[in-house]
Asker: 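Pasting a structure here, questions to come.
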There are 2 protein chains.
Amino acid sequence: MNDPDAAPPSLTGLSTYLLSRTGKAARAALAERLAVRGLRLWHMAVLAALADFGPHAQRDLASRLGVDPSDMAKVVDQLASAGRVERVRDPADRRRLTVTATEEGRAALAELDAEARAVQDALLAPLTAAEREQLHALLLRVHLALPGNAG
Amino acid sequence: MNDPDAAPPSLTGLSTYLLSRTGKAARAALAERLAVRGLRLWHMAVLAALADFGPHAQRDLASRLGVDPSDMAKVVDQLASAGRVERVRDPADRRRLTVTATEEGRAALAELDAEARAVQDALLAPLTAAEREQLHALLLRVHLALPGNAG
DNA sequence: ACCTATAGTGGGTCCACACCCACTATTACC
DNA sequence: GGTAATAGTGGGTGTGGACCCACTATAGGT
């Protein structure tokens, strides 16, 4: 109770503080795992978007994930170099690059997802399965209400 | 449903992703409000620690908040310049600086707390009061299980 | 007294993230 | 056909956070 390293109740009484703290921990843990494979969180996000919604024009990828198109170009470039993504010029509009996940990319995403779930299991260890679902449902509603996340 | 800006379900299905996203949104929103007053999140954390636990040696502040002592020195220095905190040399151990919140500092914290709750109300708008409490309780348990947050 | 450890401080590095601009290639408009 | 808009790219900037080291002053151990 008198732990000299305990966080101030003034802060732990704020859900936003807890959100920020636990979120950062989650992010850091996953990023660390991905770094082992030479990947970053954006790489996973791009692979996920392609897997879920199919091929995208690069610009649409950027828009969907809320990244600067210039930064997206770099991420896609790295994924392409690693063979996890294919870029082909759209014949209908030769300015566009259509980005598609390769078989290798889909396999990589599956592994990444497994890593993410492992991290999540560790983070949410103190909660029961039912509580985790509760938490997820609540967070999802908050997330959807965030600006730029219309369902 | 076919919103071209919707996030990939592969990601929104991960609680860690939602935590990270909503946490970042919370952090950013509060940081923006504090910036108006020329403060950062660490300033608020320090004031909260002092208000909750009373005066600290600067080193203990750093340890409690998990910050590098060198960085803490800078934060405390800024708070002192703004008159929100007082540093006095501990006569029992003249290496130590005892940091105390001034009346002004306590007042500032109250305002900051109000800002934080406003941000929180906006963020958690889609949830009922009962759901917010649920969310808070779940997050608190996760937070306490985080490395270095023993109760 | 001597040596080691500790508190605070100033300085610097490294990294990730978010932006922004300029430029080329291509398309759309009129 | 000429002009404006758009897709992608390369390069650069600014910021915030975490970390690390060297240095001074003081304390503690023997």
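Residue numbers start from 1 in every chain, and the chains themselves are labelled A, B, ... in the order their sequence lines are given, proteins ahead of strands.
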Asker: Should B:Glu115 and B:Arg33 count as an ion pair when the cut-off is N to O under 4.0 Å?
Answerer: yes

Asker: Is there a side-chain contact between B:Val99 and B:Glu86 (heavy atoms, below 4.5 Å)?
Answerer: no

Asker: Rounded to whole angstroms, how far apart are CG on A:Leu34 and P on C:dC17?
Answerer: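 For the pair A:Leu34 CG and C:dC17 P, the rounded distance is 11 Å.
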
Asker: For the side chain of B:Lys74, counting heavy atoms from C-beta on, which of C:dG11, C:dC19, C:dG8 is nearest?
Answerer: C:dG11

Asker: Think A:Arg96 has a side-chain N or O under 4.0 angstrom from the OP1 or OP2 of D:dT9?
Answerer: no

Asker: When all nucleic acid strands are considered with a 4.0 Å heavy-atom cut-off, which category describes A:Asp71: base, sugar-phosphate, or nothing?
Answerer: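 If one applies the 4.0 Å heavy-atom cut-off, A:Asp71 turns out to touch a base.
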
Asker: Please state how far atom CG in A:Leu79 lies from atom C1' in D:dG8, giving the value in whole angstrom units.
Answerer: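 Value for this atom pair: 16 Å.
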
Asker: In terms of side-chain heavy atoms of A:Gln58, which of D:dG17, D:dA18, D:dG8 is nearest?
Answerer: D:dG8

Asker: From CD of A:Glu32 over to P of D:dA18, roughly how many Å is that when rounded to an integer?
Answerer: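 Between P of D:dA18 and CD of A:Glu32: 15 Å.
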
Asker: Side chain of B:Arg59 only, please: which of C:dG11, C:dA7, D:dG10 is the nearest?
Answerer: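 Closest nucleotide among those given: C:dA7.
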
Asker: Can you measure from CG (B:Leu18) to CG (A:Leu135) and round to the nearest 0.5 angstrom?
Answerer: 8.5 Å

Asker: Can you give me the N/O atom pairs linking the protein to nucleotides 21-24 of chain C at distances under 3.5 Å, or say none if there are none?
Answerer:
none

Asker: Does B:Lys24 make a side-chain N or O approach to OP1 or OP2 of C:dA18 shorter than 4.0 Å?
Answerer: yes

Asker: Rounded to the nearest angstrom, tell me the gap between atom CE in B:Met72 and atom C1' in D:dG17.
Answerer: 14 Å

Asker: Rounded to whole angstroms, how far apart are CG on A:Leu65 and C1' on C:dC17?
Answerer: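 Rounded to the whole Å, the gap is 15 Å.
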
Asker: May I ask you to say whether A:Asp90 pairs ionically with A:Arg95, meaning some side-chain N is under 4.0 Å from a carboxylate O?
Answerer: no

Asker: Within this structure, what is the CG-to-P distance between A:Leu30 and C:dA16, rounded to whole angstrom?
Answerer: 14 Å

Asker: Answer yes if A:Leu50 and A:Leu97 sit in the same cluster of Ile, Leu, Val, Met, Phe, Trp and Tyr residues linked by side chain heavy atoms under 4.5 Å apart, and no otherwise.
Answerer: no

Asker: May I ask you to say whether B:Arg96 pairs ionically with B:Asp60, meaning some side-chain N is under 4.0 Å from a carboxylate O?
Answerer: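 Salt bridge: no.
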
Asker: Before giving the answer on salt bridge (charged side-chain N to carboxylate O under 4.0 Å, His left out), spell out for B:Asp77 and B:Arg87 the whole-Å C-alpha distance, their side-chain angles and the decisive distance to 0.1 Å.
Answerer: CA-CA 9 Å; B:Asp77 190 46; B:Arg87 280 179 299 193; 2.9 Å; yes

Asker: To the nearest Å, give me how far apart NE2 (B:His43) and P (D:dG16) are.
Answerer: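 One finds 11 Å between P of D:dG16 and NE2 of B:His43, rounded.
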
Asker: Round to a whole Å and report the spacing from CG of A:Asp77 to C1' of D:dA7.
Answerer: 15 Å

Asker: Could you tell me whether A:Asp121 and A:Arg132 make a salt bridge, using a distance below 4.0 angstrom between a side-chain N and a carboxylate O?
Answerer: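 Yes, charged N to carboxylate O under 4.0 Å.
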
Asker: Is the shortest side-chain N to carboxylate O distance from B:Lys74 to B:Asp71 below 4.0 Å?
Answerer: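 So B:Lys74 pairs with B:Asp71 through a salt bridge.
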
Asker: Below 3.5 Å between N/O atoms, which protein atoms pair up with nucleotides 26-30 of chain D? Just atom names and distances, please.
Answerer:
unit_1	atom_1	unit_2	atom_2	d
D:dA27	OP1	B:Arg94	N	2.9

